[in-house]
Amino acid sequence: MEQKQFCITMQRLNGFEFKVSFDQPGQELMIDEPEPLGGGTGPNAARVLSAAIGNCLSASLLFCLQRARTEVTDMKSSVTTTIIRNEKGRFRIGGSEVLIEIDMPPDSENRLGRCIDLFEDFCIVTASVRQGIEVDVKVKSRGTGEIIYDSADRHE
């Protein structure tokens, strides 16, 4: 199985506000929790995940339609995400509903078939979220360099 990796970094600026730097020069995003916890100066992680799901599906459909030489004159997507509480009372993402609206010349709509069958499977974010993503977590002291928490130790 082929593997690729990328790394993003986050720097706390103030309160719950973080600057996210991506592995491409000049690409940054501000993330913040809404009030009363944070200042709401940017989207929070749940909203960024929702945007990633919607963007990945939209881009996947658009890519397939372009490969099929199907003109798309406009595309708009919306993602409605539901936040629930689990049995311990903790907030979790309960699910997301994605609506992709496309405009294309009437004679192009008959070319949608194969892309409609394929595009979801080629969206790496949605397919991964649906299956569950393994996440290993470590907490390291910047002062001593000591690993003070490793989630792998809890799962053994």
Side-chain angles (χ1 to χ4, degrees), residues 1-68 72 74-102 115-156:
M1 176 167 65
E2 181 183 354
Q3 283 190 336
K4 296 180 180 181
Q5 288 186 321
F6 62 89
C7 181
I8 64 166
T9 58
M10 288 171 276
Q11 177 66 47
R12 178 179 176 239
L13 299 178
N14 186 33
F16 287 87
E17 183 180 17
F18 287 83
K19 177 176 78 172
V20 181
S21 298
F22 294 88
D23 59 341
Q24 302 291 318
Q27 294 182 351
E28 295 180 344
L29 174 66
M30 303 304 278
I31 295 180
D32 194 4
E33 290 296 316
E35 293 181 357
L37 193 58
T41 61
N44 66 359
R47 285 167 173 79
V48 172
L49 179 61
S50 295
I53 290 169
N55 178 256
C56 187
L57 286 166
S58 301
S60 182
L61 179 57
L62 182 61
F63 178 76
C64 185
L65 291 170
Q66 287 178 343
R67 296 276 315 240
V72 176
D74 196 19
M75 178 182 275
K76 178 182 177 183
S77 304
S78 62
V79 181
T80 303
T81 298
T82 303
I83 304 295
I84 62 170
R85 286 190 186 265
N86 67 7
E87 62 282 349
K88 292 182 179 180
R90 310 284 196 267
F91 286 119
R92 297 293 182 257
I93 295 174
S96 293
E97 295 178 14
V98 179
L99 174 63
I100 302 172
E101 299 176 77
I102 55 176
C115 290
I116 291 298
D117 293 339
L118 291 175
F119 84 101
E120 283 187 78
D121 196 39
F122 283 91
C123 172
I124 66 171
V125 173
T126 304
S128 299
V129 168
R130 281 180 173 156
Q131 291 181 359
I133 302 170
E134 184 177 322
V135 179
D136 293 322
V137 180
K138 291 181 180 161
V139 178
K140 178 180 178 180
S141 167
R142 290 183 79 181
T144 66
E146 176 187 358
I147 300 292
I148 52 181
Y149 172 80
D150 187 339
S151 64
D153 296 340
R154 299 183 105 187
H155 301 296
E156 293 176 349

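Minimum heavy-atom separation, Cys123 to Ile53: SG-O, 4.5 Å. Across every non-hydrogen atom of Ala46 and Ile83, the tightest pair is CB-CD1, 4.3 Å. Contact between Asn44 and Pro34 at its shortest, heavy atoms only, is ND2-CD, 3.7 Å. The two residues Val48 and Pro43 make their nearest non-hydrogen contact at CG2-CG, 3.9 Å. Scanning both residues, Phe22 and Leu29, for their nearest heavy atoms gives CE1-CB, 3.8 Å.
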Exercise. Evaluate the criterion side-chain contact (heavy atoms from CB on, under 4.5 Å) for residue pair Ile102 and Lys76; output intermediate values, then yes/no.
Key: CA-CA 7 Å; Ile102 55 176; Lys76 178 182 177 183; over 6 Å; no
Quiz prompt | Check against side-chain contact (heavy atoms from CB on, under 4.5 Å), Val139 and Ile147 | solution = CA-CA 6 Å; Val139 178; Ile147 300 292; over 6 Å; no
Practice problem: Please step through side-chain contact (heavy atoms from CB on, under 4.5 Å) for the pair Thr80 and Val98, ending with a clear verdict. | Solution: CA-CA 6 Å; Thr80 303; Val98 179; over 6 Å; no
Quiz item: Under the side-chain contact (heavy atoms from CB on, under 4.5 Å) criterion, do Leu61 and Cys115 qualify, and how do the steps go?
Solution: CA-CA 7 Å; Leu61 179 57; Cys115 290; 4.2 Å; yes
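Side chain of Ser77 to main chain of Ile100: no donor-acceptor pair is present (N/O by atom type, distance under 3.5 Å, no hydrogens or angles). Looking only at distances, no side-chain donor or acceptor of Asn14 sits under 3.5 Å from a matching main-chain atom of Glu17. Checked by atom type and distance alone, the side chain of Ser60 pairs as donor or acceptor with a backbone atom of Phe119 at under 3.5 Å. Looking at Arg12, its side chain does come within 3.5 Å of a backbone N or O of Gly15 through a donor-acceptor pair. When atom types are taken as modelled, the side chain of Asp150 and the backbone of Lys138 share no donor-acceptor pair closer than 3.5 angstrom. With hydrogens and angles ignored, the 3.5 Å screen pairs no side-chain donor or acceptor of Arg130 with any backbone N or O of Ser128. The main-chain N or O of Phe6 is never found under 3.5 Å from a side-chain atom of Asp23 such that the two would form a donor-acceptor pair.
We find that Glu28 and Lys19 are joined by a salt bridge, their nearest charged nitrogen and carboxylate oxygen being less than 4.0 Å apart. Residues Glu33 and Arg47 are not paired through a salt bridge, judged by the lack of any N-O separation under 4.0 Å between the basic side chain and the carboxylate.
Of the listed residues (Thr81, Thr126, Thr82), just one forms a side-chain hydrogen bond (donor to acceptor under 3.5 Å, both in side chains) with Ser96, and that residue is Thr81.
Heavy-atom contacts from other residues, nucleotides or ligands closer than 6.0 Å to CD of Gln27 number more than 12. By the 6.0 Å contact criterion, CZ on Phe63 is open, its count of non-hydrogen atoms from other residues, nucleotides or ligands being 12 or less. Other residues, nucleotides and ligands place no more than 12 heavy atoms under 6.0 Å from the CD1 atom of Ile124.
Annotation: side chain of Val20 is not in contact with side chain of Thr9 (no heavy-atom distance under 4.5 Å). Contact of the Val137 side chain with the Tyr149 side chain is registered, since non-hydrogen atoms from C-beta on lie closer than 4.5 Å. Side-chain contact between Met75 and Ser58 is present, with at least one heavy-atom pair separated by less than 4.5 Å. Proximity of Glu120 to Leu57: side-chain heavy atoms (C-beta onward) are separated by under 4.5 Å at one or more points.
For the atom pair OG1 (Thr41) and CD (Glu35), the distance works out to 10.0 Å, reported to the nearest 0.5 Å. Between Leu99 atom CG and Ser78 atom OG the span is 4.5 Å, to the nearest 0.5 Å.
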